[in-house]
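What follows is a short report on a single structure.
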Amino acid sequence: SAAVVSGLRPGDRIALTTFNHAVTARLALTGAFEAVSAVLDRLSPAGETAILDGVHVALMTSQAAPGRSLVILFTDGRDTMSWLQADEVVESAKRSNAVFYAVATGGARQWSVLRDLADTTGGRAVEIEIGADLHGQFERILQEFRSRYVLTYTPRGVSESGFHRLAVRVRRGGLSVKARPGYVAGGDDRP
């Protein structure tokens, strides 16, 4: 649990959603990091795995927060129990304001759904060996997320609904850009 909360700063807020055969929203957005640590310390893995349902709940929870949110999934297995299908959760990710990161070990490594979710939101799927430095991975994810820029623009000459591809490039060499591949327009959706 220390790996998860040690990099958080005053003013940050964290929510905790867990999943096995059921998805449980354990803690709503809070600045009480010690409460998150206490819940994590009491958890023990058991049962089936409803990863996709859990990711969907986390994405929806993040909608309550203003600005860009970070959703991090830690898993060592693949989904065995979700009601939702992968394409439905990826579609939810396209419409969310969250950046999704997955930290995958064991059987979850090389699971393409995690890469799809990360790519859709401008995040990253991290594959690690069991017993690897989880604290270091979490710190890198926070550093990446905190070093993001927010670019805004007003599109012209495009449909007011549907998915629109978007490419972000920089002219300066030696730099890389990680961004969402586009946005969903229409209704109350955010670009």
Side-chain angles (χ1 to χ4, degrees), residues 1-20 22-45 50-76 89-90 92-105 108 113-128 131-152 168 175-181 183-184 188-191:
S1 70
V4 175
V5 298
S6 66
L8 298 175
R9 299 176 183 163
D12 286 344
R13 297 182 341 148
I14 185 171
L16 180 63
T17 301
T18 60
F19 53 88
N20 52 14
V23 176
T24 306
R26 300 264 178 187
L27 290 171
L29 282 170
T30 181
F33 307 147
E34 65 282 350
V36 175
S37 290
V39 171
L40 286 171
D41 287 341
R42 290 191 307 266
L43 291 177
S44 60
I51 295 172
L52 295 173
D53 292 349
V55 168
H56 180 74
V57 168
L59 289 169
M60 295 304 102
T61 299
S62 73
Q63 292 296 91
R68 190 69 68 200
S69 296
L70 173 63
V71 172
I72 305 175
L73 168 72
F74 296 95
T75 185
D76 64 354
V89 179
V90 170
S92 291
K94 281 182 186 177
R95 296 174 181 278
S96 80
N97 67 349
V99 178
F100 176 84
Y101 280 78
V103 178
T105 65
V113 173
L114 299 181
R115 283 191 305 280
D116 292 346
L117 284 163
D119 290 345
T120 295
T121 64
R124 192 163 50 91
V126 179
E127 297 176 358
I128 61 174
D133 178 21
L134 190 57
H135 181 270
Q137 287 298 329
F138 187 70
E139 287 288 332
R140 280 188 282 287
I141 289 169
L142 285 176
Q143 180 182 8
E144 254 182 56
F145 182 75
R146 287 188 170 126
S147 66
R148 290 177 170 267
Y149 287 90
V150 176
L151 303 175
T152 61
V168 178
L175 299 176
S176 63
V177 174
K178 181 72 174 161
R180 289 175 173 251
Y183 65 94
V184 177
D188 292 333
D189 299 328
R190 301 175 193 184

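Each residue takes its place number in the sequence, starting with 1. Note that the coordinates shown come from a computational prediction; the quantities given were computed from them, not determined experimentally.
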Taking all heavy atoms of [X] and all of [Y], pick out the closest pair and write down the distance.
X	Y	answer
E139	G7	OE2-CA, 3.2 Å
S96	A93	OG-O, 3.0 Å
R9	F33	O-CZ, 3.5 Å
V23	G54	CG2-N, 3.5 Å
A104	L114	CB-CD1, 3.9 Å
L8	R146	CA-NH2, 4.1 Å

Counting only N and O atoms by type, is there a donor-acceptor contact under 3.5 Å from the side chain of S37 to the main-chain atoms of E34?
no

Whether T24 side chain and R26 backbone form a donor-acceptor pair below 3.5 Å:
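No; judged by distance alone, with no hydrogens or angles, the pair does not exist.
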
Interatomic spacing from [atom1] in [X] to [atom2] in [Y] - rounded to 0.5 Å:
X	Y	atom1	atom2	result
I14	L29	CD1	CG	9.5 Å
Q63	N97	CD	CG	4.5 Å
T75	I51	OG1	CD1	3.5 Å
E127	R115	CD	CZ	6.0 Å
L73	L52	CG	CG	9.5 Å
I128	F74	CD1	CZ	8.0 Å

Would T17 and V71 count as a side-chain contact (heavy atoms from CB on, under 4.5 Å) here? Give the steps.
CA-CA 10 Å; T17 301; V71 172; over 6 Å; no

Would you call [X] and [Y] a side-chain contact if the rule is heavy atoms closer than 4.5 Å?
X	Y	result
D119	R124	no
H56	M60	yes
R180	Y183	no
F19	D53	no

D116 bridged to K94 by N-O distance under 4.0 Å:
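Answer for the salt bridge query: no.
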
Test log, rule side-chain contact (heavy atoms from CB on, under 4.5 Å), inputs R68 and S62:
CA-CA 8 Å; R68 190 69 68 200; S62 73; over 6 Å; no

Where do I141 and V103 land on the side-chain contact (heavy atoms from CB on, under 4.5 Å) test, with the steps shown first?
CA-CA 10 Å; I141 289 169; V103 178; 3.6 Å; yes

Chi angles and distances behind the side-chain contact (heavy atoms from CB on, under 4.5 Å) call for V5, F138
CA-CA 9 Å; V5 298; F138 187 70; over 6 Å; no

